[in-house]
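A, B, ... follow the sequence lines: proteins, then strands. Residue 1 opens every chain. What you see is a predicted model, and the numbers here were worked out from it, not measured in a lab.
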Protein chains: 2
Amino acid sequence: MIDRSSDRPLYQQLADLLREQIKAGELAPGAFVPSESSLMQEFALGRPAVRNAVSVLRQEGLVVSARGARTQVRPALERSVVELRPGDEVVGRMPTDPERRELGIDPGEPILEVTRADGQQQIFTAGAHQLRVVG
Amino acid sequence: MIDRSSDRPLYQQLADLLREQIKAGELAPGAFVPSESSLMQEFALGRPAVRNAVSVLRQEGLVVSARGARTQVRPALERSVVELRPGDEVVGRMPTDPERRELGIDPGEPILEVTRADGQQQIFTAGAHQLRVVG
DNA sequence: CTTGATTTGTACGTATGTATT
DNA sequence: AAATACATACGTACAAATCAA
């Protein structure tokens, strides 16, 4: 599974394996990702490589981790529809850490900044919202 | 500067300091962030704490790092305007690592998925694009 | 309710590789 | 060619939160 002679870093190889399992549904939304110690043992990797691999998936928004609890595959959440109208503008970016804590945003979750035609600005979490243009 | 008795993790404190310098313009776009070893010495921190701090800023899209070169504050790039029309829909998310490599996207850069009224789908890097709704 | 085991987070150190300057 | 700088990867230790007995 892990090829130590490959050019691809070990943690990326592990991240690739887990990502494929998530995409294939073998690790379903809400399912627990194997613990760090399990992964260390199963793939004969050190803790840095394992943590780095899970970190990659967290940054991709595929899993969520919390201290003391098992890491799990992020459940696909329902997206509220936000209506856009002519003159509205949208940019996307990652929130800063203070913003994340203030707004309660998970790591790996971008935000969408909507500037309305009248100048008002709104911020939406990307994972829970879908923008739709209406006439 | 760094308070070891604080509840806030050391790497977060350092990330906070650097982020403030970036926001204040003391670290201007394109400027070099002090090297890891400088930061280790200046703030009496170990390598993991320093690397973790810079990693936070990279995930926020505020700095870009490359092997062998100094980490620098990400220059604000020009945003091409993408026009949205009635019936179009937009969602935002982080790209997976394979997507990032294929499309040449920097870490900490979200993508915007635009689904046109006719069903066609387009992907834009968030940092370089701005969506505008036209009648 | 408390205890103990498990799990992730934080933080230290070290070594080596690789790309840039 | 040499020095610098970041990336990868190993190990260890302790803290803090969760969960199950």
Side-chain angles (χ1 to χ4, degrees), chain A residues 1-18 27 30-59 62-74 97 100-101 104 106-108, chain B residues 1-18 27 30-74 97 100-101 104 106-108:
Chain A
M1 301 293 191
I2 300 282
D3 177 9
R4 293 193 95 95
S5 70
S6 166
D7 279 345
R8 189 145 175 81
L10 302 181
Y11 76 90
Q12 289 283 14
Q13 292 184 49
L14 177 55
D16 291 344
L17 287 174
L18 294 173
L27 281 174
F32 290 117
V33 175
S35 71
E36 291 179 0
S37 42
S38 306
L39 293 172
M40 285 170 65
Q41 207 166 11
E42 181 176 357
F43 295 98
L45 294 172
R47 195 163 184 223
V50 168
R51 283 189 61 77
N52 214 338
V54 176
S55 170
V56 166
L57 301 178
R58 202 163 36 233
Q59 288 165 45
L62 298 178
V63 304
V64 287
S65 302
R67 177 182 256 169
R70 302 275 305 267
T71 296
Q72 54 181 358
V73 179
R74 179 189 279 186
D97 183 80
R100 281 207 302 104
R101 283 182 299 139
D106 282 335
Chain B
M1 304 293 192
I2 299 283
D3 177 8
R4 295 194 93 95
S5 69
S6 166
D7 280 345
R8 189 147 174 80
L10 304 180
Y11 76 91
Q12 289 283 13
Q13 292 185 48
L14 176 54
D16 291 343
L17 287 173
L18 294 173
L27 280 174
F32 291 117
V33 175
S35 72
E36 291 179 1
S37 41
S38 307
L39 293 172
M40 285 171 64
Q41 208 165 12
E42 181 175 356
F43 296 98
L45 294 173
R47 182 172 298 274
V50 168
R51 282 191 60 78
N52 215 338
V54 176
S55 170
V56 166
L57 301 177
R58 200 162 39 232
Q59 288 165 43
E60 294 174 358
L62 298 177
V63 304
V64 287
S65 302
R67 176 181 260 171
R70 307 263 316 254
T71 296
Q72 55 180 359
V73 180
R74 178 189 278 186
D97 183 79
R100 281 207 301 104
R101 284 183 300 140
D106 282 335

Expressed in angstrom and rounded to an integer, what is the separation of [X] atom [atom1] from [N] atom [atom2]?
{"X": "A/M40", "N": "C/dT6", "atom1": "CE", "atom2": "P", "value": "15 Å"}
{"X": "A/R70", "N": "C/dT6", "atom1": "CZ", "atom2": "C1'", "value": "9 Å"}
{"X": "A/Q13", "N": "D/dT8", "atom1": "CD", "atom2": "C1'", "value": "12 Å"}
{"X": "A/D7", "N": "D/dA7", "atom1": "CG", "atom2": "P", "value": "17 Å"}
{"X": "B/Q72", "N": "D/dC6", "atom1": "CD", "atom2": "P", "value": "11 Å"}
{"X": "A/Q41", "N": "C/dT7", "atom1": "CD", "atom2": "C1'", "value": "15 Å"}

- Task: Mind grabbing the angle between the end helix axes of the helix from C/dT2-D/dA21 to C/dT21-D/dA2? Five pairs an end, 10° rounding.
- Result: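 Between the axes fitted at each end of the helix from C/dT2-D/dA21 to C/dT21-D/dA2 lies an angle of 10°.
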From [X] [atom1] over to [Y] [atom2], what is the distance, rounded to the nearest 0.5 angstrom?
{"X": "A/L14", "Y": "A/L10", "atom1": "CG", "atom2": "CG", "result": "9.0 Å"}
{"X": "A/R101", "Y": "B/R8", "atom1": "CZ", "atom2": "CZ", "result": "3.5 Å"}
{"X": "B/L45", "Y": "B/E36", "atom1": "CG", "atom2": "CD", "result": "12.0 Å"}
{"X": "B/E60", "Y": "B/L18", "atom1": "CD", "atom2": "CG", "result": "10.5 Å"}

- Task: Step by step, work out the side-chain hydrogen bond (donor to acceptor under 3.5 Å, both in side chains) result for B/S37 and B/Q41.
- Result: CA-CA 6 Å; B/S37 41; B/Q41 208 165 12; over 6 Å; no
- Message: With a 4.5 Å cut-off on side-chain heavy atoms, are B/L17 and B/I2 touching?
- Response: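 B/I2 vs B/L17: side chains touch.
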Every protein N/O lying under 3.5 Å from an N/O of nucleotides 9-12 of chain C:
unit_1: C/dG9; atom_1: OP2; unit_2: A/R51; atom_2: NH1; d: 3.0
unit_1: C/dG9; atom_1: OP2; unit_2: A/R51; atom_2: NH2; d: 3.1
unit_1: C/dG9; atom_1: O4'; unit_2: A/R67; atom_2: NE; d: 3.3
unit_1: C/dG9; atom_1: N7; unit_2: A/R47; atom_2: NH2; d: 3.0
unit_1: C/dG9; atom_1: O6; unit_2: A/R47; atom_2: NH1; d: 3.1
unit_1: C/dT10; atom_1: OP1; unit_2: B/Y11; atom_2: OH; d: 2.8
unit_1: C/dT10; atom_1: OP2; unit_2: B/Y11; atom_2: OH; d: 2.8
unit_1: C/dT10; atom_1: O4; unit_2: A/R47; atom_2: NH1; d: 3.2
unit_1: C/dA11; atom_1: OP1; unit_2: B/L10; atom_2: N; d: 2.5
unit_1: C/dA11; atom_1: OP2; unit_2: B/L10; atom_2: N; d: 3.2
unit_1: C/dA11; atom_1: OP2; unit_2: B/Y11; atom_2: N; d: 3.2
unit_1: C/dC12; atom_1: OP1; unit_2: B/R4; atom_2: NH2; d: 3.0
unit_1: C/dC12; atom_1: OP1; unit_2: B/G46; atom_2: N; d: 3.4
unit_1: C/dC12; atom_1: OP2; unit_2: B/G46; atom_2: N; d: 3.1

